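Inspection log for the structure reproduced underneath, given as structure tokens.
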Amino acid sequence: NAGVTQTPKFQVLKTGQSMTLQCAQDMNHNSMYWYRQDPGMGLRLIYYSASEGTTDKGEVPNGYNVSRLNKREFSLRLESAAPSQTSVYFCASSLTGTGGHEQFFGPGTRLTVL
Amino acid sequence: RKEVEQDPGPFNVPEGATVAFNCTYSNSASQSFFWYRQDCRKEPKLLMSVYSSGNEDGRFTAQLNRASQYISLLIRDSKLSDSATYLCVVNRAGNNRKLIWGLGTSLAVNP
């Protein structure tokens with residue numbers, strides 16, 4: 001039981017490059033999330049998927065797209081990376097999205113955009 | 001004013017000390033409250049949920065004061081392994097899309 005896994009762990013991009021961050025969970029959770037964490041800003045929700053087949057914008061969705069590939073996998077895509085997207089990205093999952101369930105986080109991806 | 005505010009610290013305490021963190025929230029419609037712990041360069045992990053009646057888990061006690069809109073976390077008999085950042089999290093609308101995360105309070109427990 002690996003919990004929530006993310007790849008890659010580290011990435012350096014040049015401005016304008018694209019990349020996809022992968023996330024998978026093996027806990028049979030319905031809801032999945034992508035966050036970014038920046039110094040002085042706390043965790044901010046980028047996108048959210050309440051259940052397989054649905055996605056919703058969070059607080060800071062601009063510059064990102066997501067795909068809920070199946071119940072296990074939720075990917076985050078940066079189409080044209082910008083230095084402002086330098087951050088630590090966390091994927092999380094929870095049994096449901098109703099607010100009362102614990103969120104389990106992956107180990108994070110540290111992204112630097114030059 | 002931020003929706004969730006915490007004293008950033010750092011709190012430096014000796015082993016065995018009792019330390020308390022407070023967190024204030026601005027939206028009276030908030031429904032669920034949590035404390036997460038985040039170790040340096042690691043992911044956040046749930047420490048405990050905070051219930052209206054208050055709750056305790058070993059050395060950790062969480063309290064909620066709805067009237068004053070604050071949440072507290074008390075750690076008794078601090079251990080070196082308690083050194084981490086403690087994140088206050090408030091759920092505004094019974095929906096995980098509405099989780100508001102505090103910036104965290106840093107705790108260093110010294111030998």
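Atom set for the values below is all heavy atoms of this structure, side chains included, hydrogens, waters and symmetry mates excluded. All values derive from a computational prediction rather than experimental measurement.
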Check your understanding: Do the side chain of A:Gln6 and the main chain of A:Gly108 share a donor and acceptor less than 3.5 angstrom apart?
Key -> yes
Check your understanding: Does one side chain, of B:Thr18 or B:Arg76, offer a donor that lies under 3.5 Å from an acceptor on the other?
Key -> no
Review point. Where does B:Lys45 contact chain A at under 4.5 Å (heavy atoms): side chain, backbone, both or neither?
Key: neither
Review point. Which class fits the ring pair A:Tyr35 and B:Trp101: parallel under 30°, tilted 30 to 60°, perpendicular over 60°?
Key: perpendicular
Review point. If you count heavy-atom pairs under 4.5 Å with chain B, which of A:Pro39, A:Ala92, A:Gly40 comes out on top?
Key: A:Gly40
Exercise for review: Examine whether an atom of A:Arg44 lies under 4.5 Å from a heavy atom of chain B, and if so say whether it belongs to the side chain, the backbone or both; otherwise answer neither.
Suggested key: neither
Exercise for review: Hey, can you tell me if B:Trp35 and B:Phe21 have their rings parallel, tilted or perpendicular (30° and 60° cut-offs)?
Suggested key: tilted
Exercise for review: Assign the ring pair A:Phe90 / A:Phe105 to parallel, tilted or perpendicular, where the plane angle (0 to 90°) is split at 30° and 60°.
Suggested key: perpendicular
Review point. Side chain, backbone, both or neither: which part of A:Glu59 has a heavy atom under 4.5 Å from chain B?
Key: neither
Point to revise | Region of B:Gln6 that comes under 4.5 Å of a non-hydrogen atom in chain A | key: neither
